[in-house]
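Chain A is the first sequence line, chain B the second, and so forth, proteins listed ahead of strands; every chain is numbered from 1. Note that the structure is predicted; figures quoted are calculated from it, not measured.
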There are 2 protein chains.
Amino acid sequence: MGDGQPVTSDWIAGSVNTNPVVVRRLLSALAKAGLVSSIRGSAGGSVLAQPAGRISLAHIHRAVDEEEGPALHNQTPNQACPVGRGIQPVLVRIIDRAEAAKEAVLATTMLSEVVAAIRAEAG
Amino acid sequence: MGDGQPVTSDWIAGSVNTNPVVVRRLLSALAKAGLVSSIRGSAGGSVLAQPAGRISLAHIHRAVDEEEGPALHNQTPNQACPVGRGIQPVLVRIIDRAEAAKEAVLATTMLSEVVAAIRAEAG
DNA sequence: ATATCTGTAATCGTAACTGTTACGTATGTC
DNA sequence: GACATACGTAACAGTTACGATTACAGATAT
């Protein structure tokens, strides 16, 4: 993967110490986002769909955590209360900004850099 | 609360549309962080322990979400694999930076501003 | 054909959280 | 002092989310 050789979900599962199906579910999300393409059948596996230098951590984050709007409140607040009525849009606005800042940082690091750092770390 | 009048957990629960005990649990966390002080007994409730202009959303966030280090991996990765061995410190470093950026944004908005925004929103 | 691999559905176990009830403790009021 | 009011917490059930597993259909190289 990245070397061009397809990697099987079994192999990744062995490295991450989990079940192959769990890996396939994540890989499936990455494939839908166009970051990875998977090859079925014998000698199959997954390959990067783009060069590692063009895939940012923000891309990965968005692909895997596909939350649709922050579930700010469990129960909708009491609309009869002025606070309950007004708090929702205000907080959504602020949280969106904070989340955007986080993503901006993730967008600055590319997958290739992570790979390089891992190589350096593990010798 | 903020006006100096103590607010009861019952009152907040009515506004947020949940149970008073749930509110008290959160209030307890805020009290431990020194953001709120609670008054027991009749005519009791909770009051801000600091002026709203000195309490940032980052303070609140830290007080309520007291996660100790990101639970990056569920199962520890396979240490026999060079990737599994090296990925952990690398990702922790990056995620910490991203989380710090998020908190930096939250630190710029004070509780007083949120209150003002809510007042404007709800008329 | 057969051995591999992915893609997905179905299930089970578990951790985390909410909602509730219950009860002890503190405190203002009469 | 008796009483009503509120917090602080423990205990427990119901729900939700997620990971781990099993099972099986479809695709593909040899």
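- A search for salt bridge (Lys or Arg N to Asp or Glu O under 4.0 Å) contacts involving R25(B) returns nothing, not counting sequence neighbours.
- Rounded to an integer number of Å, the gap from N17(B) CG to dG19(C) P is 9 Å.
- Distances shorter than 4.0 Å separate some side-chain N or O of N19(A) from OP1 or OP2 on dT21(D).
- The distance from atom CG of D10(A) to atom OG of S15(A), rounded to the nearest 0.5 Å, is 12.5 Å.
- Partners of I60(A) according to the side-chain contact (heavy atoms from CB on, under 4.5 Å) rule, which considers only residues two or more places apart in sequence or in another chain, are L30(A), L35(A), I55(A), L57(A), V64(A), L111(A).
- Legend: residues meeting side-chain contact (heavy atoms from CB on, under 4.5 Å) with T76(B), ordered by chain and number and at least two apart, are absent.
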Annotated protein contacts, base or backbone, on nucleotides 4-13 of chain D with a non-hydrogen cut-off under 4.0 Å, one of B, S, - each: -BBBBBBB--
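- In this structure, Q75(B) places its CD atom 16 Å from P of dC18(D), rounding to the nearest Å.
- With sequence neighbours excluded, the residues that form a side-chain contact (heavy atoms from CB on, under 4.5 Å) with Q75(B) are N17(A).
- Between the two ends of the helix from dA1(C)-dT30(D) to dC30(C)-dG1(D), each summarised by a five-pair axis, the helix axis turns through 10° (rounded to 10 degrees).
- Shown here are the side-chain contact (heavy atoms from CB on, under 4.5 Å) partners of P77(B), two or more places apart in sequence or in another chain: H73(B), Q79(B), Q88(B).
- Residues satisfying the salt bridge (Lys or Arg N to Asp or Glu O under 4.0 Å) criterion with R54(B), sequence neighbours excluded, are absent altogether.
- For residues 98-113 of chain B, the salt bridge (charged side-chain N to carboxylate O under 4.0 Å, His left out) pairs, not counting sequence neighbours, are E99(A)-K102(B), K102(A)-E99(B), R62(B)-E103(B).
- To the nearest angstrom, C1' of dA20(D) lies 13 Å from CG of L26(A).
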